[in-house]
Amino acid sequence: MEKKHNQNDIVSPHQLRRMSMDELARLAETLRERIIEVVSANGGHLASNLGITELTIALHYVFDFSSDYLLWDVGHQCYTHKILTGRSPRFHTLRKAGGLSGFPSPAESPYDLFATGHAGTAISTAAGLAWADHAAGDNRKVVAVVGDASIVNGLSLEGLNNTGLLQRQFLVILNDNSMAIDRTHGAMAVALERVRMTSTYSDLKASTEHLLQRLPLGDEISDAIKHIKEGLRTTLHGPKVFETMGFNYFGPVNGHDIPTLIRLLERVGQMNRPVVLHVHTEKGRGCVYAVEDPCRFHSPSAFTVREGRADFDEPIRATWTKTFAESLIALARRDERVVAITAAMPDGTGLAEFRREFPDRTIDVGISESHAVAMAGGLAKAGLRPVVAIYSTFMQRAFDQIFHDVALQKLPVVLCMDRAGLIGSDGAIHQGFVDIAYLRALPGMTLLAPADAAEMDAALDFALAQDGPVAIRYPRDEVPAPLPGECPPFIPGRARVVREGNTATLLAYGAMVEPALHAAEYLHDACGLDTAVINARFAKPLDVSTITARISTGTPMLVIEDHSRIGGFGSAVLELAAERGPNTTGIRLLGIPDRFIPHASRQEQLREVGLDTQTIAETTRNLIDALTETRPRTPSKR
Ligand SMILES: Cc1ncc(C[n+]2csc(CCOP(=O)(O)OP(=O)(O)O)c2C)c(N)n1
């Protein structure tokens with residue numbers, strides 16, 4: 001039996017050059033096995049990584065990215081790149097606390113230029129590098145790898161439009177696997193689909209051969225471009241958009257044929273102008289269950305493979321995502337004005353379930369968050385009730401549209417931000433930790449957060465009845481057990497007292513109500529302290545009377561939020577206290593500190609920043625002790 005090349009032997013991509021084409025093909029297989037082994041244990045991006053293995057090998061074979069520039073768009077497809085660039089020995093730590101990031105990370109390797117995770121940025125950052133390289137009189141190769149869903153992101157298109165004018169080498173690899181996470185939608189998806197339909201495997205082979213014959217090597221290249229373009233136009237069916245933008249378009253080519261990819265890259269890599277190379281790859285390649293269901297295996301949690309099938313542990317309680325979808329479906333049954341919008345994430349946001357019941361009332365705009373929000377403005381203007389479901393981290397992209405096309409227009413758009421707060425193993429790039437800060441400043445904006453499933457129903461019910469914009473946040477987590485007592489309706493600026501007590505107050509927002517309640521129970525049982533717990537419900541408008549009344553008692557108040565302490569709910573409470581006069585000495589803010597929180601499980605991250613039950617209880621206890629010690633003895637000198 002032939003020995004498979006072991007990826008553990010690879011410490012540098014320069015070693016690839018010493019391998020034969022057969023060895024490279026076997027290496028691709030071994031790399032896939034390794035990726036499946038690690039992702040099944042740790043969770044992570046599976047299908048996209050299995051699809052891009054050969055292309056990554058070919059890129060590292062042809063270019064020298066220890067000096068040339070390689071930019072991954074999104075960056076979720078960089079696992080082979082990580083293994084080939086010296087990180088094989090640590091690859092088993094992927095996405096674990098202290099381990100390798102699931103995305104490119106300059107802290108890990110000089111081969112990773114930017115820490116990325118949001119779509120659409122690679123062409124623009126590559127353009128900056130190319131511009132600076134040119135200005136410095138250097139001649140590094142610049143390569144940006146962009147997926148078929150990400151290339152239509154507004155930022156990508158801005159980058160293409162601008163970069164097409166560059167008079168130097170600039171290679172964009174369009175990695176076309178016909179999928180975003182779900183199926184792709186939109187005009188470009190249709191155009192690429194047409195190319196795919198007209199390019200069978202033998203067509204691909206023939207067109208690639210044709211391309212190779214016409215693409216000369218070395219200096220002849222520039223002179224031959226015009227001739228090449230004319231020749232290819234008649235034989236290939238690529239979308240014309242790239243040529244309109246000033247790029248030479250080549251393809252489509254088979255992204256799993258290493259020798260051909262290498263020959264092609266060697267040639268197009270030498271062209272002194274912007275080029276798009278369109279590469280077909282298969283999402284999930286080499287793994288039956290991932291090929292069959294690339295959406296499920298885009299970014300699965302850990303799973304066990306039994307007899308070729310992947311089994312997942314079912315969550316014990318429903319997730320916030322599922323609860324949101326169920327609440328929205330129930331509301332949409334009663335109100336036919338409700339329409340739901342997703343930006344290429346129907347599965348992750350729960351809208352896939354909504355779409356099953358209301359296909360005509362679900363809009364998937366692709367990876368276009370700003371368009372999603374501006375479009376919601378239009379829908380609301382026309383009298384509909386749009387609900388835009390986007391992860392907190394990606395909502396950042398739409399900030400100007402929330403300001404310009406929704407808030408300024410006072411339009412009733414409901415923004416539902418899943419993955420708000422600490423998100424676990426996707427790490428720093430995906431933390432949803434600034435949404436309160438950037439939304440709170442917008443006049444007319446209402447901000448709320450449910451604390452259990454009944455509150456999700458009530459929050460959505462409230463939001464859809466408002467005349468202006470409302471944003472709701474909830475985390476990547478299971479929904480807590482029901483809060484004690486009946487769930488009252490949401491009334492603007494009205495908090496909900498969930499536990500009475502007179503030694504201290506825990507004022508918690510959204511998902512933090514549950515650990516606050518547990519901390520209060522612990523303080524009662526272990527220390528005999530009666531701590532009140534208030535479910536704030538609103539970060540804007542605040543419950544002025546309840547909050548000021550509690551502050552006025554002079555007992556400690558801990559404001560608890562799964563959000564940056566800077567500019568968040570706690571800041572709003574401090575602003576209120578400063579305006580209204582109660583003494584702020586007893587107020588402490590518990591939230592995410594002023595640094596990027598790296599990958600780990602959500603529970604580990606909550607513990608790291610002091611938002612777990614135990615730390616909340618300890619901090620409360622310490623604050624009570626500190627204040628009772630100082631109060632009798634130290635009358636204020638000022
Ligand atoms: C701005 C932004 N919105 C949404 C996402 C979530 N997301 C991660 S990967 C992905 C699909 C990317 O599709 P494509 O670019 O075609 O790459 P593929 O996974 O198919 O290789 C999406 C929507 C993101 N990373 N960034």
Side-chain angles (χ1 to χ4, degrees), residues 35 39 44-56 71-81 102-104 114-124 144-159 172-186 188-189 192-193 196 255 278-285 290-291 294-300 341-349 351-352 364-373 388-399 401 417-419 423 426-432 476:
I35 290 169
V39 174
H45 288 95
L46 185 64
S48 311
N49 278 294
L50 297 178
I52 204 166
T53 312
E54 285 90 356
L55 178 57
T56 311
L71 284 306
W72 297 102
D73 201 72
V74 185
H76 63 307
Q77 72 291 60
C78 68
Y79 294 179
T80 293
H81 163 81
F103 292 96
F114 279 78
T116 57
H118 288 200
T121 65
I123 295 171
S124 298
V145 182
V146 191
D148 54 304
S150 300
I151 203 143
V152 279
N153 179 263
L155 192 52
S156 292
L157 295 176
E158 289 172 32
V172 173
I173 308 263
L174 167 57
N175 174 33
D176 179 6
N177 57 23
S178 79
M179 299 280 295
I181 295 174
D182 204 322
R183 278 177 301 122
T184 38
H185 297 270
M188 179 68 105
L192 293 177
E193 176 69 15
R196 273 190 298 273
H278 183 178
V279 179
H280 272 187
T281 56
E282 183 185 32
K283 202 160 177 170
R285 178 89 174 178
V291 170
C295 180
R296 176 79 184 89
F297 288 94
H298 177 82
S299 179
I341 307 179
T342 171
M345 310 204 63
D347 231 51
T349 57
L351 289 188
D364 184 345
V365 296
I367 310 179
S368 321
E369 288 78 7
S370 9
H371 166 62
V373 171
V388 189
I390 292 179
Y391 291 2
S392 166
T393 187
F394 303 137
M395 195 66 93
Q396 289 160 206
R397 279 286 170 89
F399 175 66
Q401 276 50 64
M417 291 176 295
D418 200 319
R419 275 41 168 196
I423 47 83
D426 279 335
I429 193 74
H430 281 12
Q431 309 286 17
R476 175 184 211 163

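Just the heavy atoms: all of them, side chains too, but no hydrogens, waters or symmetry mates, feed the values below. One-based numbering, in listed order, for ligands and for the atoms of each. Keep in mind that what you see is a predicted model, and the values were worked out from it rather than measured.
- Contact record, N153 with A119: OD1-O, 3.8 Å, taken as the closest heavy-atom pair.
- Summarising the geometry, atom CD1 belonging to I35 is positioned 5.0 Å from atom CG belonging to N49; distances are rounded to the nearest 0.5 Å.
- Atoms of ligand 1 lying under 4.0 Å from any heavy atom of N177, numbered from 1 in the order shown and given with element: 18 (P), 20 (O), 21 (O).
- Between S48 and ligand 1, a contact under 3.5 Å exists for at least one N or O pair.
- The two residues A47 and P294 make their nearest non-hydrogen contact at CB-O, 3.9 Å.
- At a threshold of 4.0 Å, the pair R476-D426 counts as salt-bridged, since one of the basic side-chain nitrogens sits closer than that to a carboxylate oxygen.
- Near R397, meaning under 4.0 Å from one of its heavy atoms, ligand 1 places the atoms 1 (C).
- For ligand 1 and S150, the ligand atoms under 4.0 Å from any heavy atom of the residue are 12 (C), 14 (P), 15 (O).
- Remark: minimum distance from atom 9 (S) of ligand 1 to any protein heavy atom is reached at H298 NE2, 3.5 Å.
- Residue contacts with ligand 1 for D148 involve both N, CA, C or O and side-chain atoms from C-beta outward (heavy atoms, distance under 4.0 Å).
- Ranking the protein heavy atoms by distance from atom 22 (C) of ligand 1 puts I181 CD1, 3.6 Å first.
- In terms of protein heavy atoms, atom 26 (N) of ligand 1 is closest to A119 N, 2.9 Å.
- Among the atoms of A149, some N or O lies under 3.5 angstrom from an N or O of ligand 1.
- Nearest protein heavy-atom neighbour of atom 8 (C) of ligand 1: V74 CG1, 4.1 Å.
- In this structure, D148 CG and L192 CG are separated by 6.0 Å, a value rounded to the nearest 0.5 Å.
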Checklist entry - Should W72 and H81 be marked as a side chain to side chain contact (heavy atoms under 4.5 Å, CB included) after you check the CA-CA gap, both sets of side-chain angles, and the distance that decides it? => result CA-CA 10 Å; W72 297 102; H81 163 81; 3.5 Å; yes
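- Counting atoms of ligand 1 from 1 in the listed order, those under 4.0 Å from a heavy atom of H118 are 25 (N), 26 (N).
- In this structure, H118 contributes its side chain and F394 its backbone to no donor-acceptor pair below 3.5 Å.
- Counting all heavy atoms, side chain and backbone alike, P346 lies closest to D364 at CD-OD2, 3.8 Å.
- Under 4.0 Å from ligand 1, not a single heavy atom of H45 appears.
- A pairwise comparison of heavy atoms in R419 and G348 identifies NH1-O, 3.2 Å as the closest pair.
- Test N177, D176, N175 against T281 for side chain to side chain donor-acceptor pair (under 3.5 Å) and you get one pass: N175.
- With hydrogens left out, the protein atom closest to atom 23 (C) of ligand 1 is I367 CD1, 3.6 Å, a heavy atom.
- Inclusion of G117 in the set of residues having an N or O under 3.5 Å from an N or O of ligand 1 is warranted.
- Here's the thing with E369: one of its N/O atoms is less than 3.5 angstrom from an N/O atom of ligand 1.
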